[in-house]
Amino acid sequence: MIVNKSAIEMSQLLKDGEISSVDLTKAHLERIDEVDGQVKAFLHVDREGALAQAQLVDTKRKSGEKLSPLAGVPLALKDVMTQRGIPTTCGSKMLEGWRPPYDSTVVTRLRSSDVVILGKTNCDEFAMGSSTENSAYFPTRNPWDLNRIPGGSGGGSSASLAAYEAPLAIGTDTGGSIRQPAAVTGTVGVKPTYGGVSRYGLVAFSSSLDQAGPCARTVLDAAYLHEAIAGYDPLDSTSINAPVPPIVAAAKDGNVKGMKIGVIKELQGDGYQPGVLKLFNQSLEELANLGAEIVEVSCKYFDYALAAYYLIAPSECSSNLARFDAMRYGLRIGEGSAESVMNSTRAAGFGKEVKRRIILGTYALSSGYYDAYYGSAQKVRTLISQDFKAAFEKADVLVSPTAPTTAFKIGEKSNDPIAMYLNDIATIPTNLAGVCGMSLPSGLAEEDGLPAGFQIMAGAMKDDRLYKVGAALENALVNKWGGGILDQAPRLGAK
Ligand code: GLN
């Protein structure tokens with residue numbers, strides 16, 4: 001099956017003239033027709049746009065134009081990124097029917113690489129959540145077990161990869177929304193260094209934490225996608241004006257001999273599923289066998305990361321989401337004064353979790369409380385950055401399990417916000433410090449046979465190290481398993 005191949009294998013077939021991009025795109029659209037009724041990864045499928053784009057790439061290829069490595073390969077886009085003329089909802093009723101008048105920089109770069117965009121994927125409303133159950137439309141289901149969550153907030157993107165509806169996807173990660181869905185679906189996800197990939201056209205949740213990044217089924221595919229979207233963008237004032245690290249080269253190299261790998265003491269133990277920890281330790285052994293040196297590091301302020309995040313992220317969201325005022329975008333309900341229209345629109349347009357965060361953030365920022373809450377959280381953030389700095393003096397990369405458990409059942413945590421927040425306990429520190437992180441599959445947990453993730457973290461603009469270590473581990477594990485982890489997933493659909 002063509003859809004089961006990696007993006008780079010598809011790219012080779014396109015180059016060799018074995019398949020056209022139109023046929024490759026059609027194969028993915030058929031796969032979406034076949035399984036998305038069950039998985040529900042997509043909010044919008046842009047059949048015509050995708051086929052027209054594929055046709056264009058085929059024409060360019062025929063005329064002998066030099067094309068980028070991912071030219072003609074399909075991709076799924078998280079529905080928090082704008083794409084001109086294509087519905088962009090952020091998983092919210094607030095933006096239902098809104099078609100942005102401009103492309104995000106990520107989309108502009110995908111287009112200049114001739115990547116074919118299949119459609120928009122489901123997510124938690126405004127990317128707030130860890131299960132995609134907060135989408136105002138429907139929950140997405142985990143292809144490993146349709147009664148379980150695919151992670152969040154980018155569950156649609158990761159599920160589309162695991163269900164072979166797309167070989168590549170874009171996610172966004174504010175506190176773990178690329179890495180945690182990757183972990184629970186048996187796929188790869190990378191949160192680049194903050195400022196490494198432009199946020200222009202990424203609908204803002206928490207601007208100092210939000211980061212778009214690549215999702216794929218293999219480390220090498222993620223590397224190609226990362227290089228295609230990364231780099232300085234004058235339209236984003238926090239974009240880093242420096243060369244993109246040699247990501248693809250690092251993924252191809254995959255040599256960890258002599259590298260120091262730091263195991264973070266605080267990111268294991270209580271609250272982590274034993275099978276997840278066992279796979280984590282087995283992965284460490286693989287890396288040691290490949291010649292890496294494993295050291296233990298302590299980052300004692302990581303224990304406060306979740307508390308700091310749930311003050312900083314809601315504070316920024318309460319400010320960012322003020323723009324949804326019934327006057328400018330999407331939904332508008334009621335008549336009368338501006339205040340009453342705004343009131344009824346925001347009451348009807350935002351879901352429960354978004355409202356909870358706006359209230360939390362407004363409170364944390366209010367006069368008399370600002371220093372006690374927001375100010376303290378920012379100080380903790382600095383301490384966490386210092387922990388990272390000290391740890392990176394002892395190790396080239398840091399590692400932990402990506403998420404404390406495998407995928408839980410739909411509905412299991414939806415009434416318990418704190419239990420939901422705890423899914424990101426191991427991913428949030430990276431966002432607070434602006435450094436980069438990757439999740440790749442570590443195996444299937446013995447308790448439930450579901451995939452778990454191995455997280456690698458590296459310093460700012462050291463994203464290439466993630467790929468070096470990720471490729472080494474992936475290679476060792478795939479050899480051990482005799483194939484990719486998704487080969488062991490239940491087969492959805494007839495084919
Ligand atoms: N789950 C975290 C939250 O709810 C992270 C979300 C994200 O990374 N977008 O805020």
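All ligand and atom numbering here is 1-based and tracks the order in the structure.
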Show me the donor-acceptor pairs within less than 3.5 Å that the side chains of residues 119-131 make with the rest of the protein, sequence neighbours left out.
residue: K120; atom: NZ; partner: D79; partner atom: OD1; Å: 2.9
residue: K120; atom: NZ; partner: M81; partner atom: O; Å: 3.0
residue: K120; atom: NZ; partner: P87; partner atom: O; Å: 3.4
residue: K120; atom: NZ; partner: T88; partner atom: OG1; Å: 2.9
residue: T121; atom: OG1; partner: L77; partner atom: O; Å: 3.3
residue: T121; atom: OG1; partner: K78; partner atom: N; Å: 3.4
residue: T121; atom: OG1; partner: S157; partner atom: OG; Å: 2.9
residue: N122; atom: OD1; partner: S135; partner atom: OG; Å: 2.8
residue: N122; atom: ND2; partner: F138; partner atom: O; Å: 2.6
residue: N122; atom: ND2; partner: T140; partner atom: OG1; Å: 3.0
residue: D124; atom: OD1; partner: T132; partner atom: N; Å: 3.0
residue: D124; atom: OD1; partner: E133; partner atom: N; Å: 3.2
residue: D124; atom: OD1; partner: N134; partner atom: N; Å: 2.8
residue: D124; atom: OD2; partner: S130; partner atom: N; Å: 3.4
residue: D124; atom: OD2; partner: S131; partner atom: N; Å: 3.4
residue: D124; atom: OD2; partner: T132; partner atom: N; Å: 2.9
residue: E125; atom: OE1; partner: G351; partner atom: N; Å: 2.9
residue: E125; atom: OE2; partner: S92; partner atom: OG; Å: 2.7
residue: E125; atom: OE2; partner: G351; partner atom: N; Å: 3.3
residue: S130; atom: OG; partner: D424; partner atom: OD2; Å: 2.8
residue: S131; atom: OG; partner: E133; partner atom: N; Å: 3.2
residue: S131; atom: OG; partner: E133; partner atom: OE1; Å: 2.6

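- Ligand 1 is surrounded by A127, M128, G129, S130, S153, D173, T174, G175, G176, S177, F205, Y309, Y310, R357, D424, each with at least one heavy atom closer than 4.0 Å.
- Ring centers of Y421 and Y309: at least 6.0 Å apart, outside the cut-off.
- Environment of OH in Y272: crowded, with over 12 heavy atoms of neighbouring residues, nucleotides or ligands closer than 6.0 Å.
- Within 6.0 Å of atom NZ in K355, more than 12 heavy atoms from other residues, nucleotides or ligands are found, so the atom counts as buried in its surroundings.
- For R109, there are no salt bridge (Lys or Arg N to Asp or Glu O under 4.0 Å) partners at least two apart in sequence or on another chain.
- Pairs engaging residues 153-162 under the salt bridge (Lys or Arg N to Asp or Glu O under 4.0 Å) rule: none recorded [sequence neighbours left out].
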